[in-house]
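On a predicted model such as this, the values are computed, not experimentally measured, just so you know. Lettering of chains follows the sequences in order, A, B, ..., and the numbering in each one begins at 1.
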Amino acid sequence: MNNSSQVRVRFAPSPTGHLHVGNARTALFNWLFARQAGGVMVLRIEDTDVERSEARFEGQLLDDLKWMGLDWDEGPDVGGPYGPYRQSDRLAMYHEQAERLLREGNAYLCFCSQEELERDRAEKLANQLPPVYSGNCRALDPAEAQQRRASGEAAAIRLRIPEHPIRFHDIVHGAVEFSNEVVSDPIILRSTGIPVYNYVVVVDDALMKITHVIRGDDHLSNTPKQVALYEALGWPVPQFAHLSTILGSDRERLSKRHGATSIANFREMGVLPEALMNYLALLGWAPSGGTREIFTPEELKKEFSLQRVTPSPAVFDMEKLYWLNRHYIKQSPPERIEKLAEPYFVRAGLLPAKPDERIRKWFEKIVALLVPSVDRLEQLPERAALIFQYDAAAAANSPENADVWAAPKTNEVLEEFAQLAGSDAAPLTPERFKTIMNEVKTMTGAKGKELFHPVRVALTGSHSGPEFDKLIPILEEGSLLELPRHVMSVRQRLDRLLTKSKADPSSD
RNA sequence: GGCGCUAUCGUCUAGGGGUUAGGACGGAAGAUUCUCAAUCUUCAAACCCGGGUUCGAUUCCCGGUAGCGCUACCA
């Protein structure tokens with residue numbers, strides 16, 4: 001089953017918080033590559049940093065990943081043949097391999113104190129030399145060193161970096177070469193017995209039979225150490241693919257300073273997972289030809305190619321993500337969007353926590369009305385203000401509407417409209433509205449803007465908004481529903497406005 | 001300081017020794033609509049700089065510059 005040609009990739013986050021977009025993209029590229037190759041995706045939790053790791057973050061991480069639409073074949077939650085999948089459960093393996101390196105002479109015990117090392121480093125830096133380890137303990141007699149350690153002297157374990165340049169091939173960057181002169185003999189096991197990241201990764205990746213290491217390019221400079229480690233351990237070196245960094249608009253590394261950066265943030269904003277996936281895929285990758293932008297997850301699995309990943313860093317562009325999101329929102333079945341949008345309205349106090357069937361039916365119309373004008377679901381309640389909130393004073397006095405009130409036919413149009421619409425007992429229908437408007441038109445001679453604008457301002461308080469055909473039924477039906485905040489009917493709005501202008505003579 | 005990576009419109013990118021350097025987001029203008037949004041059409045907008053190789057470089061090589069990363073008993 002597990003023949004040597006089987007692709008195995010891994011995503012290895014630290015549980016230090018919510019999944020960040022940079023890591024999400026790394027996870028995505030791993031996933032796409034694995035799924036396309038019919039390979040295996042491994043999820044490994046890098047929790048050796050006890051200070052920053054928290055168990056509850058692991059659950060968040062998995063949720064974020066699942067929400068994006070990613071899945072994995074082996075991991076802490078699903079198990080697998082190469083477990084355990086949490087580094088904190090693998091400590092024995094790290095010790096075992098470190099002792100083996102020691103025995104075989106590829107690593108050595110180092111007794112240098114931190115102060116010594118720091119002094120040495122500062123000196124080298126001052127002399128403009130690469131700050132590599134002095135090698136003081138490199139030539140120590142192994143037997144003697146073992147004895148010192150046995151007698152209780154604090155000792156770290158260092159890897160012996162070979163005396164030749166270290167070369168490796170990177171799928172994204174091509175041939176990479178580092179001179180051994182600048183690669184320090186790295187500590188792999190601290191004197192406290194806690195292994196170091198660069199060592200742990202290699203042991204895990206090798207033992208988990210990872211064939212392709214796809215990760216952020218902040219690890220590129222660490223790769224020679226890791227290659228040396230693979231070689232010292234006698235294990236095959238995997239293929240590497242180092243992905244460029246995602247930057248903020250100021251070309252600095254994307255951080256919280258730049259606004260939303262965690263997957264959870266985007267989810268809360270009402271970004272659809274497929275929009276985020278599509279956008280992230282386009283950061284650093286483009287299809288052959290480079291003219292297509294829209295890719296569903298299934299299409300990405302088919303089209304994606306690591307060979308086409310760009311090595312240069314990419315600036316995260318919210319606007320383009322929003323554009324994609326708008327596309328996917330419009331593409332989605334309305335029921336899905338209604339379901340996703342409902343909580344935003346409940347939270348804003350516009351809908352009851354458990355809307356009944358009538359309210360739901362009515363809410364469908366609101367969503368259909370507003371969705372085209374929105375690029376995130378979270379914007380919906382504020383767009384719905386013209387339905388849920390009616391402020392007669394603002395309608396009459398807002399400077400935005402001054403032009404409309406100043407127009408010569410406004411008062412005449414409104415009076416006619418109020419009279420006709422007010423004389424009906426039944427709720428106003430779009431058909432009746434059309435008839436009324438035609439009558440107002442003949443009686444006042446107003447048409448176009450001078451006809452519609454006064455009515456729009458009178459009913460919504462704003463001179464811009466959606467079509468009356470769709471808006472009026474929403475207002476009329478809404479006024480009959482039991483809602484946390486009463487929705488005013490057309491007539492109620494007119495009443496408000498007219499009483500208002502009577503009470504305030506300055507408004508004409 | 002040392003080492004590494006990167007460099008095409010404002011942004012994401014395609015392309016590649018000879019092209020009107022293509023697409024998308026955003027921007028501008030127009031169409032449509034009572035208005036806004038949406039939609040459609042059109043337009044503006046780029047090969048970091050300097051050397052070399054070459055008949056010819058934006059493309060290949062070298063150098064510079066800038067940005068980012070690594071340089072830890074951080075991950």
Sidechain N-carboxylate O distance under 4.0 Å for A:Lys365, A:Glu476
no
Using salt bridge (charged side-chain N to carboxylate O under 4.0 Å, His left out) as the criterion, point out the one residue from A:Arg138, A:Lys225, A:Arg158 that pairs with A:Asp185.
A:Arg138
In whole angstroms, the gap separating C1' of B:G4 from CZ of A:Arg167 amounts to 15 Å
Sticking with atom C1', work out how far B:G64 lies from B:G26, rounded to a whole angstrom.
33 Å
At under 4.0 Å between heavy atoms, how does the protein contact nucleotides 66-71 of chain B? Give one character per nucleotide, 5' to 3', with B, S or -.
-SSBSS
Rounded to whole Å, how long is the line connecting atom CG of A:Asn23 with atom C1' of B:A75?
11 Å
In whole Å, what separates the C1' atom of B:U39 from that of B:A46?
29 Å
For nucleotides B:U54 and B:G18, find the distance between their C1' atoms and express it as a whole number of Å.
12 Å
B:U13 and B:A7: how far apart are their P atoms, nearest whole angstrom?
10 Å
Short question: side chain of A:Asp317, backbone of A:Glu319 - any donor-acceptor pair under 3.5 Å?
yes
Identify which nucleotide among B:U35, B:A7, B:C73 has an atom closest to any side-chain atom of A:Glu467, counting heavy atoms from C-beta outward.
B:U35
Interatomic distance where CG belongs to A:Leu282 and P belongs to B:A14 [whole Å]
10 Å
Rounded distance (Å) that lies between atom P of B:A75 and atom CD1 of A:Ile45:
16 Å
Using atom P of each nucleotide, how far apart are B:C49 and B:G10 to the nearest Å?
13 Å
More 5' along RNA chain B: A:His173 or A:Leu189, using each one's nearest nucleotide?
A:His173
Could you tell me whether the phosphate oxygens of B:U13, OP1 or OP2, come under 4.0 Å of any side-chain nitrogen or oxygen in A:Thr310?
yes
Provide, to the nearest angstrom, the distance between the CG atom belonging to A:Leu243 and the P atom belonging to B:U6.
13 Å
How many whole angstroms separate atom CD of A:Gln226 from atom P of B:A75?
12 Å
Rounded to whole Å, NE2 of A:His463 lies from C1' of B:U35 at a distance of 7 Å
Near RNA chain B, counting only heavy atoms under 4.0 Å, which residues of residues 317-327 of chain A show up?
A:Asp317, A:Glu319, A:Lys320, A:Trp323, A:Arg326
Residue A:Arg308, side-chain heavy atoms: nucleotide from B:C34, B:C73, B:A14 that is nearest
B:A14
Are the charged groups of A:Asp218 and A:Arg253 less than 4.0 angstrom apart, N to O?
yes
Residue A:Gln128, side-chain heavy atoms: nucleotide from B:U13, B:G23, B:G1 that is nearest
B:G1
Picking from B:U6, B:A37, B:C12, which would you name as closest to the side chain of A:Ser373?
B:A37
For the C1' atoms, the ones on B:G22 and on B:U59, what distance do you get once it is rounded to whole angstrom?
16 Å
Distance between the P atoms of B:U20 and B:C62, in whole angstroms?
30 Å
Pairwise P distance for B:A14 and B:A57, with rounding to whole Å
25 Å
